[in-house]
Amino acid sequence: MENEAHIQSRSRIQDYEPIVGRSNIEELRMLAEVLGGKIVQNINSTFVGGGVAEILEHMVPLFNQLGVDARWDVVHGNEEFFEVTKKFHNAIHGGDEKISAEDFALFSKVTQQNLEELRFYGDILIIHDPQPVGLIAKKKEIGRKWVWRCHIDASNPDKRVWKFLRGFVVDYDAAIFSAPSFAQQLPIRQFLITPSIDPLSDKNKELDSGTIDSVLTKYGLTSDKPMIVQISRFDRLKDPLGVIEAFEMVKKSIDCQLVLAGGTATDDPESEEVLEEVRKRAEGNHDIHILLISPGSDIEINALQRAATVVMQKSLKEGFGLTISEALWKAKPVIATAVGGIPLQIRNKLTGVLCYSVEGAAYALRQLLSNPEYANQLGKNGKEHVRQNFLITNHIKDYLLMFIALAQPSDIIYL
Ligand code: UDP
């Protein structure tokens, strides 16, 4: 199986000028020049599915256009390995997971295999999330700059799992977290970098109404009544059952329909089971549409987000929640739970509505469905908030500044 991604860039860096302004793009070019031909190697655990793959797919080619030699590899693991790392993922989010000594041993064994199989050619290595965290063992042999990029809400992790992972993290040169509240006490430098969306990708670019309609037709949907949409992997932490409950409460007084659309990720073995649970729960309700979307169907996701009257993201835990910026960029009113990086994107009642429970979500839904003017204003504000903070150009700038900072000795003592 191929380890390294070969991705073609579809957008040119200058195409972003009309969106973010010429000076921002010039600044990126200047910062990239400072790096002087360094290779930036990203390593994560999947080329498809989930936010990390989504970001890398668009960011790697743009770095290359700026003259930074960025590349992307994945670690390999069997199903058991990804079951263990999914438990780690849930445990970092604070979940109560049963993780055995054999699980930890399997993690170490697969890490060892990857250490032997992967090529480590980067001058700067960015290791994403827990699955490949153990690759840091290579640093003793080859040196270079190593950064652990944590995309998960690590503010309240399970102590045992965090202690295990921390053993690896402390050997990195730096760690990146997505929100200030995720930062941990570590003896290494920490950077705050929020994720981002690509406004020119198939997922986010403008679509004509014919394209949107054809996607609706493909899935047997009509826009004859307000459409509430949640796009997410089928994962319990995205609380699809909670969305259905909130929808059913609202449906008693407002005629509307619900679309829960998502796929599965190769590094998420639980998704099939969750999809079944959701299908069962929705059985018999013709206004609930559960759509299984194949990987790479970005135009379809885009069309569903654009067709939405209100977008929901009722996650119980969330890293950043790219789907929120995606919806806000389309000027959609969004209702989302106040977890993880969501409050960075949703300023309550300004760029969307935050909720804390099923009842809260239902209340917000009723409010937005019955007051379209207010809903539209939230969407408009949300779009500007994303333009200022969560576009890929901001993200690239943050990375470039971090690379430059890493090249400098730090005289700060970290605790
Ligand atoms: N996504 C997708 N297809 C799906 C479900 C999700 O392309 O069937 C995308 C979604 O549009 C977003 C990313 O996957 O770009 C999910 O990122 P997010 O940060 O919201 O959640 P994660 O899956 O990383 O927990």
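Quick note: residue numbers are just sequence positions, from 1. All ligand and atom numbering here is 1-based and tracks the order in the structure.
Counting protein heavy atoms only, atom 6 (C) of ligand 1 is closest to I231 CG2, 4.0 Å. The protein atom (non-hydrogen) at minimum distance from atom 23 (O) of ligand 1 is R233 NE, 2.7 Å. Closest to atom 7 (O) of ligand 1 among all protein heavy atoms lies K203 NZ, 3.1 Å. Atom 16 (C) of ligand 1 has G51 N, 3.7 Å as its closest protein atom, hydrogens excluded (heavy atom only).
Between D123 and R144 there is no salt bridge, since none of the side-chain N atoms of the basic residue sits less than 4.0 Å from a carboxylate O of the acidic one. A salt bridge is defined here as a Lys NZ or Arg NE, NH1 or NH2 lying under 4.0 Å from an Asp or Glu carboxylate O, and D73 with R71 fails to meet this definition.
The aromatic rings of W162 and W148 lie tilted to each other, with the angle between the two planes from 30° to 60°. The aromatic rings of F63 and F403 sit tilted, their planes meeting at an angle between 30° and 60°. Under the 30°/60° scheme for interplanar angles, the aromatic rings of Y399 and H395 are found to lie parallel.
Relative to atom 4 (C) of ligand 1, the option among S178, G263, S232, S325 with the closest non-hydrogen atom is G263.
Of the heavy atoms in I301, only side-chain atoms (C-beta onward) come closer than 4.0 Å to ligand 1. With a 4.0 Å heavy-atom cut-off, ligand 1 is reached by the side chain of E326 but not by its N, CA, C or O. Neither the backbone nor the side chain of H151 comes within contact range of ligand 1; no heavy atom lies under 4.0 Å.
At least one donor-acceptor pair closer than 3.5 Å links the side chain of D103 to the backbone N or O of S100. No side-chain donor-acceptor contact under 3.5 Å links Q230 to the backbone of G262.
Partners of E384 according to the side chain to side chain donor-acceptor pair (under 3.5 Å) rule, which considers only residues two or more places apart in sequence or in another chain, are R387.
Annotation: Q305 places no N or O atom under 3.5 Å from an N or O atom of ligand 1; distance criterion only. On a distance-only criterion, L322 and ligand 1 share at least one N/O pair closer than 3.5 Å. For ligand 1, one of its N or O atoms has an N or O atom of K238 under 3.5 Å away.
Taking every heavy atom of G321 and a limit of under 4.0 angstrom, the matching atoms of ligand 1 come to 19 (O), 20 (O).
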